Amino acid sequence: MAMKLTRRNFLGSAAGVLGGGLLAGCRQKLPRYLVPHAVPPDDAVPGIARIYRTVCRECPAACGVSARVCDGRAVKLEGSPDDPIGRGALCPRGQAAIEGLYAPARLGAPREGSREIGWDAAEAALAAGLKRALDAGQKVVVLTRPERGQLGALFGAWLVALGQPASQVVTFAPMDRPWLREGRKRAFDSEATPVDDIGAARLLLSIGDDLVEEGSPVEQARALANQRAAGGRFVYVGPRLSLTAASADRWISVEPGTEMAFVLGLARQVLDLAGSQAALAPGLVEPLRGRLSPYDPAAVAARTGVKAEALVELAASLARERPSLCVGPGRAVAGADAASLAEAVCVLNALLGNVGRTLRFLPGPPAQAAMDLAELAQRAAAGEVGALVVHHADPLGYGPVFGDLARAMARVPFVVAFANELDATARVAHLVLADHHFLESWSDVPSRPGVVAIQQPAMAPVLGTRAAADELLAAARALGKTEGLPGDAFADVVRHAHGEKDIERGGRQEEVPAVPVALASTVLAGLPGSAAQRGAGGDLALVVAPSFRHLDGLPARSALLQELPDPLSGFSWTGWVELHPSTAAALKVKAGDVVALESASGRVELPAHVTEAIRAGVAGVPVGDALPLLGGKGHIGLGVRVSARRTGARVERHLPEDGRRQHGRKLARSVSRSSPTLPEREPLPSMYPRIQHPDHRWALAIDLDRCNGCGACTAACYVENNLALVGPEDAARGRSMSWLRIQSFVEARPEGTAVSFLPVGCQHCTSAPCESVCPTFATYHTKEGLNAQVYSRCIGTRYCENNCPYGVRRFNFFDWPRTAAASLGLNPDVTVRERGVTEKCSLCVQRIRTGEEEAKVQGRRLRDGDVVSACAESCPTRAIVFGDLKDPLSEVSRLAADGRAYKLLEELNTDPGVFYLARRRESLT
Amino acid sequence: VNDANQAQIERDTLATLSSTSWRYWLGLGAAVALVATGGWAWSVALRRGLGIFGLNEPVMWGALITTFVFFIGVSHSGTLVSAILYFTRSPLRSAIGRSAEAMTVITILTAGLYPVIHIGRSWLFFFVLPYPGQRQLWPNFRSPLTWDVFAISSYVVVSALFLYMGMLPDLALLSRRVTGWRRPLYRVLSLGFAGTGGEWQLLETAYPIFAGIVIPLAISVHSVVSWDFAMTLMPGWHSAIFAPYFVAGAIFSGIAMAILLLSGLRRGYAMQRYITAAHFDLLAKLLLAMSLVMTFVYATEFSMAFLRGSETEMEVFRWRATGAYAPVFWLVVACNSVAPLACFWSRVRRSLPAMIAIAVLVSVGMWFERFLFIVTTLARGFDPQNWGNYAPTVLELLICLGGFGWFFMLFLLFIKIFPSMSVAETMQGHYAASSGDAEASHV
């Protein structure tokens with residue numbers, strides 16, 4: 001029989017993996033026929049999911065994940081509860097990672113030029129290409145994403161075996177923030193790895209550091225929420241009200257490029273306050289005082305546009321509310337002198353006595369001599385590089401930002417790319433080798449000192465891909481240069497390096513003692529000139545906005561991430577430019593007008609989002625869309641000026657502009673910090689007897705004080721409940737199928753412009769307006785308190801949608817297209833809805849049933865925490881809590897009784913099963 | 001009254017049956033063409049899904065439901081007007097009664113199509129019917145849509161019977177006058193009515209009973225349709241005024257439609273003798289009165305919204321008059337509240353072109369009035385972040401136009417098969433007039 005893939009042999013090989021072995025297979029096609037196992041694997045029970053611990057490789061943060069595998073296919077990722085970084089939560093990007101497994105753009109076979117070839121030919125081509133380079137005496141260079149574990153070591157060993165220096169490994173980390181390392185090195189003269197203890201800070205000051213959006217978003221978002229929940233205050237300084245700034249108690253908007261003056265102004269004030277000098281070496285006080293003397297409050301105020309009193313008050317608060325912590329600078333404020341700004345932030349932390357308390361240093365990894373990107377470009381351009389092995393890196397995708405690599409690469413006679421998709425770099429490579437998805441392969445990620453996350457395959461490869469490391473080893477064997485290289489597959493290398501227990505847990509962590517650091521005597525010696533840096537170009541400062549869609553800096557490729565609306569601007573499937581109303585008025589731009597932004601090096605056209613949540617004179621553009629404007633800047637950040645012009649085109653938006661305000665309707669409510677309780681409300685009378693729930697009353701509590709609008713809940717809901725993606729046209733017409741939408745309201749408050757988030761899904765009302773109007777009983781109230789939707793009974797009158805005051809019901813206008821491959825990743829526990837029916841949040845009824853069944857099998861009652869809805873499970877800040885209101889001891893019962901708890905549109909007497917906890921704010925309006 | 005006169009009346013009232021002009025064929029052709037394009041548009045919706053319409057979250061009901069409510073409204077006037085005229089012994093009845101009753105049945109048959117077209121899975125529309133199924137699952141009797149099913153089906157049955165009963169003597173007459181395929185049809189349908197005194201007495205007894213049932217039924221049907229909206233909790237819909245508002249609107253739009261149909265009959269079949277300027281004068285007065293009622297209702301709706309003090313509701317009405325749909329709002333005011341004021345002048349009332357123009361404006365205004373209150377409420381609900389506008393697509397409008405085609409097609413077929421004016425009543429009227437005792441003839 002020919003090699004034709006059926007479900008039978010697909011599952012057969014999947015079973016091999018379930019048994020613990022890894023089968024490398026040659027699979028070209030997706031399964032087409034549903035054939036049950038004749039003999040099921042011993043440990044696979046149909047319909048019962050298996051969980052594999054592994055690592056999310058969507059960004060360098062490397063959160064540990066649990067992959068849920070149903071019948072041999074990974075269908076959902078959750079945060080792994082044992083993982084010290086994600087601690088059981090996952091960001092939207094991580095939730096969408098599963099899509100990458102079944103993405104239509106995925107490479108399933110090696111390619112030479114534009115044509116697919118077989119693996120034998122590909123291996124021969126790889127060996128031949130390397131041989132030519134070696135014979136010509138040219139360099140072989142590896143260009144890779146950060147790989148610090150076994151794979152990184154293997155790259156070095158492989159180069160050495162080939163007779164090349166191990167230093168020819170270039171790490172490409174476009175969204176790395178090198179200025180932080182450089183600044184810390186200058187300030188403390190140490191290579192140690194800093195660890196911010198955000199949660200312990202009583203006052204947190206972020207200098208444009210978007211903790212929720214970049215770095216290690218899940219970990220930082222959780223720490224930030226905990227910090228505020230513990231009574232800490234958070235002040236954000238930056239030109240744009242980002243998601244992180246929206247979480248802050250106060251957003252201080254400074255003129256872009258003058259953050260340095262602001263921080264030094266604070267440092268000067270703090271230095272004069274009692275106690276701050278204790279942290280300094282005696283000889284440092286006077287020089288520092290001298291260096292800071294030009295930054296008196298009045299001068300700083302003149303430059304930054306922040307009132308002098310505000311600066312003085314903030315400095316006093318910093319000194320008073322200890323321990324404090326200053327973090328940053330983040331990408332939004334990282335200009336050409338970002339390293340100096342980072343240095344200044346370090347000084348401020350030192351003056352405040354935070355070093356060793358909230359800012360600790362762990363012994364960093366030993367510095368290794370390695371080539372950097374500039375050197376690679378230079379050597380390649382000089383014709384010294386004979387072969388370039390690109391491993392999951394796409395420098396060409398960034399255009400000229402990191403140097404003229406395109407021209408340099410054109411001079412390399414042999415470029416081989418290991419990739420999952422045909423990205424810009426893979427497109428120019430001579431040979432492209434289709435690598436496994438991270439959910440199909442072995443690796444390990446030492447994400448920080450003391451923490452190693454282990455990546456194990458959750459399923460057999462979907463396509464005919466092969467592990468990159470094995471291909472490199474095979475090439476070395478073909479060339480007869482195997483000295484120092486492992487003899488077996490890379491999978492075994494990883495497995496032998498870690499214990500079976502660690503693999504099962506998903507990783508290993510150990511306490512690493514902190515190392516002491518102190519300010520260097522030369523600190524702040526080389527301050528840049530006092531003039532605010534104003535690059536050449538247009539009238540507007542370009543602020544690049546980090547976003548979960550663009551964790552790698554590139555325009556989003558994932559359909560799910562593109563369809564999820566940006567929590568602040570509401571745009572999906574397109575980029576946008578944020579303009580302040582005054583800036584927009586000066587440009588005669590209205591919301592939705594397409595604006596041409598032009599910098600010295602490029603031009604983009606984006607629809608305008610006019611909002612008070614950005615400073616005047618600034619153009620805010622998401623990272624992925626700003627790339628063409630950055631030219632050859634060398635880093636993705638501040639420092640480019642752009643001119644803006646209306647093009648005349650428009651992008652009509654479904655939500656009217658005045659829909660971004662609350663109109664006094666108290667949907668997203670807030671309470672004052674000093675007395676965080678809402679006024680008591682008498683229960684409203686009803687003509688009908690209240691519906692009773694005999695056993696359970698499932699409910700959600702959503703703490704708006706913890707919600708930062710990241711949208712992980714929404715992404716998790718899409719994956720868990722098989723929500724369809726409707727595409728750009730229908731999404732723009734208000735037809736997205738999202739069961740949970742993140743609403744954001746921009747408000748003018750006494751403490752400044754603020755944004756309130758409100759995640760709204762089905763409220764599971766006890767007296768649901770949708771239920772009484774449905775003529776066919778397609779929706780009804782279950783005795784467990786769920787507002788259930790029976791798809792097979794729904795005829796699509798859409799009456800329920802009209803009568804839902806929360807507007808959470810969704811209608812299937814079409815049979816939304818789904819590729820055959822994407823269908824493999826569907827959750828088998830959830831129905832796929834056909835066109836013409838209405839759907840909405842089911843409160844993950846499939847999880848409730850599974851939990852109930854498990855409890856029944858174990859002969860016990862359900863416990864709090866046995867069932868967790870997908871949104872609650874993914875939430876990085878634990879803002880969403882799922883549980884049973886009939887259990888008086890459950891977390892959700894406790895939250896529902898909190899003084900901040902309220903129900904949405906309570907006056908309608910729908911008696912929802914979803915509680916919101918009002919956000920704590922400094923002032924009450 | 002001599003036999004010649006009687007023959008003249010017969011000839012004239014039955015002219016629609018005997019002569020078929022090119023105008024008739026043109027009209028029928030146009031109507032069938034509209035039905036065909038509308039049917040094609042629906043087939044696209046059936047094949048691809050309702051996404052071909054302009055509907056979206058939050059505006060889930062649009063032009064199709066507007067057209068449904070419009071036709072239900074038009075339907076009212078027919079039977080209602082006919083029954084009221086019967087009880088008031090109005091001389092107008094012999095002229096317009098039959099076509100008004102036929103219009104009722106036909107408009108309900110048209111209106112009934114729209115909920116089926118509009119639902120997401122049209123092929124399962126029977127789920128709303130109370131049929132005994134294996135699952136013993138009945139429709140939800142709390143849902144106003146279920147009430148609709150009962151109210152509308154009762155109304156169509158009673159209206160059809162009312163129409164049919166009034167037509168019995170004419171059918172009997174026709175069965176004696178015609179030849180060919182119509183003869184057996186009329187014979188069967190006339191139920192052997194021979195025109196004896198006993199039969200007439202029975203008919204005269206039964207007829208007022210039906211007329212009596214039809215009036216409250218007509219009021220109830222439109223009240224029930226209004227509850228589709230009023231029973232929800234949406235701002236701008238949830239209001240006690242909705243039932244009388246809908247009934248008034250129904251009579252208003254029905255009169256306008258009656259004016260249009262009668263003027264068509266008059267022109268097309270030279271019935272100037274039977275459908276006189278005095279008839280139009282009466283209809284115009286009725287139209288004017290209903291227009292004033294509508295203006296009062298609009299004013300009440302707005303003032304109640306602001307008196308109640310619900311911000312959500314105030315916003316809906318404020319926006320209705322000033323927001324994205326303000327042009328529609330002012331069009332509605334111009335058509336329904338301002339244009340009919342011209343009927344204060346008797347010259348306008350007695351001018352056929354002027355009345356046709358006003359009736360067209362009112363019909364347009366009433367369609368847009370329904371569009372306005374349906375869409376503006378949905379577009380401006382409780383949660384500002386769930387606001388959004390709606391505009392119908394071409395395919396959606398084709399289905400709406402197809403409904404008008406369907407309506408005119410059925411009407412044209414009706415007047416070709418059945419007498420469009422009551423021969424018996426017209427003759428009674430003439431006997432009464434010639435004996436100089438108009439009152440006595442009906443007693």
Side-chain angles (χ1 to χ4, degrees), chain A residues 570 653-656 658-665 667 726 730 733-736 741 743-745 758 760 769 771-778 780 793-816 834-838 904-905 907-908 910, chain B residues 48-61 115 118-128 135 137-149 228-229 231-235 237 310-312 315 319 323-324 374 377-390:
Chain A
R653 306 190 61 188
H654 188 60
L655 180 67
D658 54 356
R660 298 179 193 286
R661 302 185 187 283
Q662 297 215 42
H663 295 259
R665 296 186 186 183
L667 299 165
V726 303
D730 283 298
R733 294 171 73 180
R735 290 171 173 184
S736 97
R741 72 174 176 266
Q743 307 196 159
S744 62
F745 296 106
L758 183 71
V760 179
E771 288 165 9
S772 61
V773 299
C774 175
T776 62
F777 278 125
Y780 72 103
R793 187 73 188 153
C794 176
I795 58 171
T797 66
R798 310 191 290 293
Y799 201 178
C800 53
E801 307 188 34
N802 286 351
N803 205 24
C804 174
Y806 310 100
V808 294
R809 295 182 148 258
R810 292 288 175 271
F811 182 69
N812 285 278
F813 282 97
F814 294 112
D815 276 323
W816 304 108
E834 75 166 6
R835 81 177 144 96
V837 305
T838 296
L904 211 53
L905 298 172
E907 65 275 15
L908 297 176
T910 53
Chain B
R48 295 197 47 213
L50 297 198
I52 61 163
F53 298 157
L55 301 169
N56 56 57
E57 183 67 40
V59 187
M60 282 292 173
W61 288 3
H118 135 105
I119 61 175
R121 300 201 293 176
S122 303
W123 48 96
L124 295 178
F125 79 94
F126 62 88
F127 277 13
V128 300
R135 289 170 295 179
L137 200 52
W138 296 91
N140 179 4
F141 288 102
R142 287 193 300 163
S143 167
L145 286 190
T146 308
W147 308 347
D148 267 359
V149 172
D228 285 350
F229 305 98
M231 296 300 285
T232 69
L233 40 66
M234 296 304 285
W237 284 5
S310 150
E311 202 285 329
T312 312
E315 169 65 24
W319 191 70
I374 290 174
T377 282
L378 293 177
R380 287 259 140 166
F382 289 94
D383 183 351
Q385 216 130 95
N386 193 42
W387 288 352
N389 298 344
Y390 154 86

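Side chains are part of it too, since the values below use all heavy atoms of this structure and drop only hydrogens, waters and symmetry mates. Every chain is numbered from 1 and lettered A, B, ... according to where its sequence line falls, protein lines coming before strand lines. All values reported here derive from a predicted model rather than from experimental measurement.
- Looking only at distances, a side-chain donor or acceptor of A/Tyr799 sits under 3.5 Å from a matching main-chain atom of B/Asp228.
- Not less than 6.0 angstrom separates the ring centroid of B/Trp138 from the ring centroid of A/Phe777.
- Neither the backbone nor the side chain of B/Thr377 comes within less than 4.5 Å of any heavy atom of chain A.
- For a residue to count as touching a neighbouring chain, one of its non-hydrogen atoms must lie under 4.5 Å from one of that chain's; by this rule B/Phe229 touches chain A with the backbone only.
- The contact between A/Ile795 and chain B is made by backbone and side chain atoms together, counting heavy-atom distances below 4.5 Å.
- Contact of B/Asp148 with chain A is not made at all, since no heavy-atom distance falls under 4.5 Å.
- Contact of B/Tyr390 with chain A is not made at all, since no heavy-atom distance falls under 4.5 Å.
- Atoms CG and OG1, on B/Leu124 and A/Thr776 in that order, are 9.5 Å from each other to the nearest 0.5 Å.
- For chain B, the option among A/Arg810, A/Glu771, A/Arg653 with the highest count of heavy-atom pairs below 4.5 Å is A/Arg810.
- Interface remark: A/Arg665 contributes side-chain atoms only to the contact with chain B (heavy atom separation under 4.5 Å).
- Going from atom CD1 of B/Ile52 over to atom CZ of A/Phe814 covers 7.5 Å, rounded to the nearest 0.5 Å.
- Contact of A/Tyr806 with chain B is made through the backbone alone, with heavy-atom distances under 4.5 Å.
- Rounded to the nearest 0.5 Å, atoms CH2 (B/Trp237) and CG (A/Asn803) are 8.0 Å apart.
- Side-chain contact between A/Arg741 and B/Glu57 is absent, with no heavy-atom pair separated by less than 4.5 Å.
- Only the side chain of A/Pro769 comes within contact range of chain B, with heavy atoms under 4.5 Å apart.
- The two residues B/Asn140 and A/Ser772 make their nearest non-hydrogen contact at ND2-O, 3.4 Å.
- Note that the CG atom of A/Leu758 and the CG atom of B/Asp383 stand 7.0 Å from one another [nearest 0.5 Å].
- Using a 4.5 Å cut-off on side-chain heavy atoms (C-beta onward), A/Leu904 and B/Phe382 make no contact.
- Heavy atoms of A/Leu667 lying under 4.5 Å from chain B belong exclusively to its side chain.
- With B/Trp61 contributing its side chain and A/Thr797 its backbone, the two residues share a donor-acceptor pair below 3.5 Å.
- Looking at B/Leu378, the atoms closer than 4.5 Å to chain A (heavy atoms on both sides) all sit in the side chain, from C-beta outward.
- Between chain A and the options B/Gly381, B/Pro235, B/Gly323, B/Pro144, the largest number of non-hydrogen pairs under 4.5 Å is found for B/Pro144.
- Proximity to chain B (any heavy atom under 4.5 Å) is shown, for A/Glu907, by neither the backbone nor the side chain.
- A/Asn812 is not listed as a side-chain neighbour of B/Arg121, based on a closest heavy-atom distance of 4.5 Å or more.
- The nearest pair of heavy atoms linking A/Arg793 to B/Leu137 is NE-CD2, 3.3 Å.
- Inter-residue side-chain proximity for B/Met60 and A/Thr838 is flagged as unmet; no heavy-atom pair is nearer than 4.5 Å.
- Looking at A/Arg798 and B/Leu50, their side chains come closer than 4.5 Å, going by heavy atoms from C-beta outward.
- Residues A/Asn802 and B/Pro58 share a closest heavy-atom pair of OD1-O, 4.2 Å.
- In terms of heavy-atom pairs under 4.5 angstrom with chain A, the leader among B/Gly388, B/Pro384, B/Gly49 is B/Pro384.
- Rounding to the nearest 0.5 angstrom, the gap separating the CD atom in A/Glu801 from the CG atom in B/Asn56 is 10.5 Å.
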